2 protein chains.
Amino acid sequence: MGEVFVLVVRWADGGGQKNDTGWGKRPFPFKNLDISILPCYNATGCIKRQGLIQIMTDKPVRTIADIAELAGVSKSTVSRALSNSPLISEETRERIQAIAQAHQYQINQPARRLSMQQTNTIAFITHGYHKEFSVEDLFFMEMLGAITSALSQKNYDLLLVHVDPYKTDWVHDYLNTGKVDGIILMTSTHKSQHVQKLIEVQAPFIAWGVPVTGANYCTVTGDNLTGSRLATEHLLELGRRKIAFLGGPEKDRETQLRYEGFANALIAAGLQPDPNCVVHGWFSRSCGIEGMNQLLDKEPNIDAVFCNSDFLAMGAIDVIRERGKRVPQDISVVGYDDISLAQYSNPPLTTVRQNINESGRLLVNNLIQYLETGIVTNVSVPVKLVVRESTMPG
Amino acid sequence: MGEVFVLVVRWADGGGQKNDTGWGKRPFPFKNLDISILPCYNATGCIKRQGLIQIMTDKPVRTIADIAELAGVSKSTVSRALSNSPLISEETRERIQAIAQAHQYQINQPARRLSMQQTNTIAFITHGYHKEFSVEDLFFMEMLGAITSALSQKNYDLLLVHVDPYKTDWVHDYLNTGKVDGIILMTSTHKSQHVQKLIEVQAPFIAWGVPVTGANYCTVTGDNLTGSRLATEHLLELGRRKIAFLGGPEKDRETQLRYEGFANALIAAGLQPDPNCVVHGWFSRSCGIEGMNQLLDKEPNIDAVFCNSDFLAMGAIDVIRERGKRVPQDISVVGYDDISLAQYSNPPLTTVRQNINESGRLLVNNLIQYLETGIVTNVSVPVKLVVRESTMPG
DNA sequence: ACAAGTCGTGCAACCGGTTGCAGGGTTATT
DNA sequence: AATAACCCTGCAACCGGTTGCACGACTTGT
């Protein structure tokens with residue numbers, strides 16, 4: 001350490017009893033120094049006072065202890081100053097923050113997380129229909145984008161976790177490990193197993209979709225009942241009478257609600273839902289192809305079809321055309337979700353728009369609210385019918 | 001703590017000098033107990049010996065100190081046993097691991113990360129063309145899927161970071177904060193600024209794309225030269241002679257290389273690239289529309305177009321048809337990337353397939369290799385021409 | 001029997017933050 | 001002038017792991 005210096009600091013605005021604060025009372029530990037005067041800003045960003053001593057040594061500043069040494073204060077004071085604790089005087093706080101900034105100090109997150117038992121990170125759990133992501137996962141992708149935006153506004157990070165839909169052992173890697181504070185669950189297949197497991201281990205999570213009845217956990221979902229009603233009423237208004245339902249999995253709650261809204265709209269118009277005009281499958285394009293073929297085999301004179309996803313609709317349109325009919329002249333097609341691809345489809349799809357941005361925002365905000373307060377929310381986000389050429393000639 | 005018990009343990013395989021090991025030598029700290037015999041497994045999964053005492057108390061087991069107390073050993077021993085250190089005897093290791101498993105112990109990651117100065121997490125940096133993800137980001141999405149898979153095989157987590165393409169201040173949030181060990185950079189617009197910044201601050205990163213000449217950092221890219229050559233040769237073999245180039249940004253290295261491969265193929269066939277048949281823009285569908293209109297305005301008798309992305313190709317096809325020409329009969333169209341959407345396009349796209357899975361794997365493995373060894377790699381991943389109906393009548 | 005070597009374990013420091021509590025200095029009160 | 005109140009700041013413990021080093025027990029060699 002070589003010789004010991006004592007540095008007496010005299011503030012530029014001098015006078016009074018503060019003449020020898022700061023370094024004045026401590027032995028000075030460094031040798032090679034640059035000393036420069038830094039302006040000191042107040043809350044409004046104006047220069048309030050000149051007089052900060054910035055000490056630049058060859059020793060890198062990585063920890064609050066380093067800053068404490070430079071500023072001649074204790075670790076606690078630095079910690080408090082950097083987190084804007086009201087315990088610290090404005091003067092000290094500004095000085096310490098200026099030093100931190102001058103040395104490009106970055107807080108060590110693992111240390112902070114260990115100490116605070118909080119990570120400001122959430123896990124987004126999903127899986128592809130296939131091993132990798134593909135266009136069929138577009139809805140998830142768009143939701144992921146919305147969630148990422150919402151999280152960054154809240155100063156949270158997002159850990160992306162790709163899971164095997166058949167296994168729930170991923171839970172142990174992210175629960176009680178301090179990797180994340182909470183979980184956003186968004187898997188379409190086998191969702192119930194994952195939800196079950198999360199409830200079982202009392203994980204802090206929120207799920208996309210209709211809540212399992214009786215269970216008490218946070219959810220956000222689109223308004224399926226209204227969405228399907230709007231779509232069906234639109235088709236009825238166009239004069240369609242033989243309307244088919246090309247649905248998702250039969251045991252899927254969303255699908256059940258969409259069927260309910262569909263059937264209600266038919267009944268309200270004095271029609272009866274025809275079992276021959278209903279098929280179920282996944283939400284994929286290939287199931288759209290398969291399902292539409294089944295429907296037309298059973299009921300060749302269908303004049304409209306309400307599909308539970310945009311991909312189902314695209315598959316259906318291909319089948320309809322292959323079979324020599326026209327969309328929308330012979331058969332009107334409505335999709336669901338309004339993924340960004342829907343408008344580029346041929347013809348552009350009439351579809352029920354899920355409010356993806358709002359849903360992502362709610363997933364984030366309600367999860368964080370749950371983490372902070374324990375309040376369980378179940379939200380249904382409004383949807384909107386977007387009319388394009390797949391139901392009405394352009 | 002109440003009374004003090006001394007529990008003498010006699011192993012089930014008894015005898016010898018080991019009769020009173022384990023708890024035998026220590027005062028016993030608990031009151032409410034369930035004591036049960038657990039089988040103890042050896043490395044091959046067979047029961048090796050019965051005789052482990054499992055102690056279940058009302059006190060939850062959350063830390064290695066808890067396990068240490070239960071096992072009657074020190075924290076160090078537990079830490080070493082759980083990480084399979086060779087310093088620990090097989091017997092002790094098995095006993096401790098069994099206790100940990102029985103109590104569903106999960107290691108505290110922030111503590112481990114703080115201690116080891118390593119997080120086993122990498123950041124994936126990207127941005128949407130738009131504020132949110134949309135179908136136009138599909139290439140990124142598919143790459144993200146491949147990277148996620150590769151990372152989970154390496155036992156790494158992925159932090160998804162959405163950045164403003166015009167700003168590089170995100171760097172400070174993830175560098176020297178202990179949030180991540182390394183960065184995978186994958187932004188298409190303004191990539192060079194981000195690369196520049198990362199080099200400047202000496203960040204451990206790998207980037208998708210051709211390396212800036214002179215700079216020394218890890219990269220993975222598709223083989224642009226070969227890709228564009230294959231595409232062009234394919235069009236030439238079909239007898240096309242007036243081939244247009246619908247490119248990405250003119251200053252983009254990938255685009256430059258693709259132009260080079262394109263021009264070389266033309267020259268090798270005895271043709272000259274025609275400046276009137278070249279336009280540049282972004283990789284988006286809307287730029288495809290704009291660019292194709294420009295091309296046809298300047299050269300109405302174009303008979304093929306090589307597009308630098310699948311979205312450019314889709315936009316181009318729409319324009320060609322709108323202008324009363326047919327694809328592929330009048331104009332053959334080739335895309336680039338082979339995103340999963342390309343095969344569903346109308347007509348299905350002939351395109352240059354980027355090996356996304358392999359590229360993702362390389363991004364991950366080479367980054368980790370760099371982190372461990374400092375070895376800088378620059379890889380070019382082979383591409384492949386996929387012929388579909390947009391160039392040849394079906 | 002004793003010295004050297006090996007093996008397994010414990011001690012204590014360390015990673016870099018946060019925070020309850022104590023206490024010194026200054027100002028307000030009587 | 002003495003006392004109380006208040007405002008800052010420092011001390012030290014704590015979060016939950018990892019690891020260098022010391023040391024005791026047991027094995028081996030002579």
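All chains are named by letter (A, B, ...) in the order of the sequence lines, taking the proteins before the strands, and each is independently numbered beginning at 1. For clarity, every value in this text was computed on a predicted model and none was experimentally measured.
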Residue list, salt bridge (charged side-chain N to carboxylate O under 4.0 Å, His left out) with A:R112, at least two apart or on another chain: none
Charged N-O contact under 4.0 Å between B:K179 and A:D157: yes
Nucleotides 16-26 of chain D: protein proximity per nucleotide (B base, S sugar-phosphate only, - neither; heavy atom, under 4.0 Å): BBBBBB-----
Test item: side-chain donor near acceptor, B:T92 and B:S89, under 3.5 Å: yes
Gap between atoms CD1 and C1', on B:I96 and C:dG8 respectively (whole Å): 11 Å
Among B:T119, B:D181, B:V364, B:L367, the one residue meeting side chain to side chain contact (heavy atoms under 4.5 Å, CB included) with B:Y156: B:D181
Aromatic plane relationship, A:H194 with A:W170 - under 30° parallel, 30 to 60° tilted, over 60° perpendicular: tilted
For atom CZ of A:R95 and atom C1' of D:dT9, their distance in whole Å: 12 Å
